[in-house]
K.L.:
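One structure, as structure tokens, below. Some questions next.
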Amino acid sequence: MSANKTPAASSADTYPPSRVCGAGALTLWECRLPRQRVALCLAAKGQGAERLQVLRADKAGRVELLAAGGGGTKLRYEMSPNGDASLEFLRDGRQVLLIDPLRGPSILEQEMHGRVQRSECRNPNQTLSLNHTVALLRALGITASS
């Protein structure tokens, strides 16, 4: 299956839309924080893992790229037997980690130059462990380790 014809691409209703990702992109995961929203987006265009982006939007709607797949970024997707899942982006000493526990709120963790910022999301997700998401990531060349 090609990365442009992923299972989730044909079932956009599986993922709720997000203003952070914008039109044409799928929102695979979202974290609501007091002054911002962070989302894992799958762009409609591009090849393979480069389609994955972690975007942050502030209350004014300004969007900033936190991390992106492809181009030398190391991606690690993990699923644990208890249903928890996480997706890590690592590039040039900067880490962005999306943690999606089966129970409880999701967590956004960012590390840069040895400084770690961990934020608990105001919303539970459980979207990183959905069968659609697992199949989509697999089609992009990202397989889960446990």
Side-chain angles (χ1 to χ4, degrees), residues 2-79 83-144:
S2 80
N4 287 332
K5 296 192 181 205
T6 58
S10 63
S11 57
D13 57 327
T14 301
Y15 303 97
S18 167
R19 291 176 286 142
V20 178
C21 293
L26 289 178
T27 304
L28 303 179
W29 182 89
E30 185 176 61
C31 178
R32 283 182 248 145
L33 298 167
R35 293 181 194 91
Q36 61 188 353
R37 285 182 183 224
V38 176
L40 173 63
C41 309
L42 179 68
K45 296 182 180 179
Q47 295 294 317
E50 73 183 26
R51 295 174 58 200
L52 287 174
Q53 300 176 328
V54 179
L55 300 174
R56 173 174 50 203
D58 62 18
K59 289 214 178 239
R62 291 182 294 264
V63 177
E64 172 189 9
L65 178 68
L66 293 181
T73 298
K74 293 180 184 175
L75 295 170
R76 185 173 65 191
Y77 176 55
E78 292 188 356
M79 289 184 65
D84 295 351
S86 65
L87 181 61
E88 177 185 46
F89 292 75
L90 184 60
R91 181 176 182 158
D92 298 331
R94 180 183 172 112
Q95 175 203 42
V96 175
L97 179 61
L98 314 177
I99 303 169
D100 202 7
L102 182 61
R103 292 175 180 78
S106 295
I107 298 165
L108 169 68
E109 186 174 291
Q110 300 176 74
E111 181 180 353
M112 187 172 202
H113 306 300
R115 188 168 160 245
V116 177
Q117 179 183 356
R118 189 175 176 103
S119 305
E120 190 173 283
C121 305
R122 292 184 168 187
N123 58 303
N125 273 294
Q126 293 90 38
T127 54
L128 290 181
S129 58
L130 285 176
N131 289 338
H132 282 286
T133 306
V134 174
L136 181 141
L137 292 173
R138 188 178 298 126
L140 295 173
I142 304 163
T143 55

K.L.:
Checking R35 now: which residues fulfil salt bridge (charged side-chain N to carboxylate O under 4.0 Å, His left out) with it, not counting sequence neighbours?
P.N.:
none
K.L.:
Nearest 0.5 angstrom please: L75 CG to L137 CG, how far?
P.N.:
9.0 Å
K.L.:
Please identify each residue that fulfils salt bridge (charged side-chain N to carboxylate O under 4.0 Å, His left out) with E64, with sequence neighbours left out.
P.N.:
R56
K.L.:
Is the backbone N or O of L102 less than 3.5 Å from a side-chain atom of D84, with the two atoms forming a donor-acceptor pair by type?
P.N.:
yes
K.L.:
Please enumerate all residues that pass salt bridge (charged side-chain N to carboxylate O under 4.0 Å, His left out) together with E50, with sequence neighbours excluded.
P.N.:
none
K.L.:
Where do S106 and P101 come nearest, in terms of heavy atoms and distance?
P.N.:
CA-CD, 3.8 Å
K.L.:
Quick one: pull up CG in L55 and SG in C41 and give me the separation to the nearest 0.5 Å.
P.N.:
4.0 Å
K.L.:
How far does CG of L33 sit from CG of N123, to the nearest 0.5 angstrom?
P.N.:
8.5 Å
K.L.:
Using side chain to side chain contact (heavy atoms under 4.5 Å, CB included), reason through L52 and L28 one step at a time and then give a plain yes or no.
P.N.:
CA-CA 9 Å; L52 287 174; L28 303 179; 3.9 Å; yes
K.L.:
Can you give me the closest heavy-atom contact between P34 and R122, atom names plus distance?
P.N.:
CG-NH2, 3.4 Å
K.L.:
Could you give the distance from CE (M112) to CG (L66), rounded to the nearest 0.5 Å?
P.N.:
10.5 Å
K.L.:
For C31 versus L108, what's the shortest heavy-atom pair and its separation?
P.N.:
SG-CB, 4.3 Å
K.L.:
Do the non-hydrogen side-chain atoms of R76 and L90 ever get within less than 4.5 Å of each other?
P.N.:
no
K.L.:
Look up atom CD in E30 and atom SG in C121, then write down how far apart they are to the nearest 0.5 Å.
P.N.:
9.0 Å
K.L.:
My understanding is that only residues two or more places apart in sequence, or in another chain, count here; which of them pass side chain to side chain donor-acceptor pair (under 3.5 Å) with Q95?
P.N.:
E88
K.L.:
With rounding to the nearest 0.5 Å, note down the distance linking CD in E109 to CD in Q117.
P.N.:
10.0 Å
K.L.:
Are the side chains of L140 and L42 in contact, using a 4.5 Å heavy-atom criterion?
P.N.:
yes
K.L.:
Taking the side chain from R32 and the backbone from R37, do they hold a donor-acceptor pair closer than 3.5 Å?
P.N.:
no
K.L.:
Any side-chain to backbone donor/acceptor pair from Y77 onto L128? Under 3.5 Å, distance only.
P.N.:
yes
K.L.:
At their closest point, which heavy atom of M79 faces which heavy atom of A85, and how far apart are they?
P.N.:
CG-CB, 4.2 Å
K.L.:
Of all heavy-atom pairs between A25 and C21, which one has the smallest distance, and what is that distance?
P.N.:
CB-O, 3.7 Å
K.L.:
Do T27 and V20 have side-chain heavy atoms sitting under 4.5 Å apart?
P.N.:
no
K.L.:
Excluding sequence neighbours, so at least two apart, what forms side chain to side chain donor-acceptor pair (under 3.5 Å) with R115?
P.N.:
none
K.L.:
Which pairs with one or both residues in residues 90-99 pass salt bridge (Lys or Arg N to Asp or Glu O under 4.0 Å), sequence neighbours excluded?
P.N.:
none
K.L.:
For a side-chain contact (heavy atoms from CB on, under 4.5 Å) with L98, tell me which candidate from I107, V54, T127 qualifies.
P.N.:
V54
K.L.:
Starting from the C-alpha separation in whole Å, work towards a yes-or-no answer on side chain to side chain contact (heavy atoms under 4.5 Å, CB included) for E111 and L97.
P.N.:
CA-CA 9 Å; E111 181 180 353; L97 179 61; over 6 Å; no
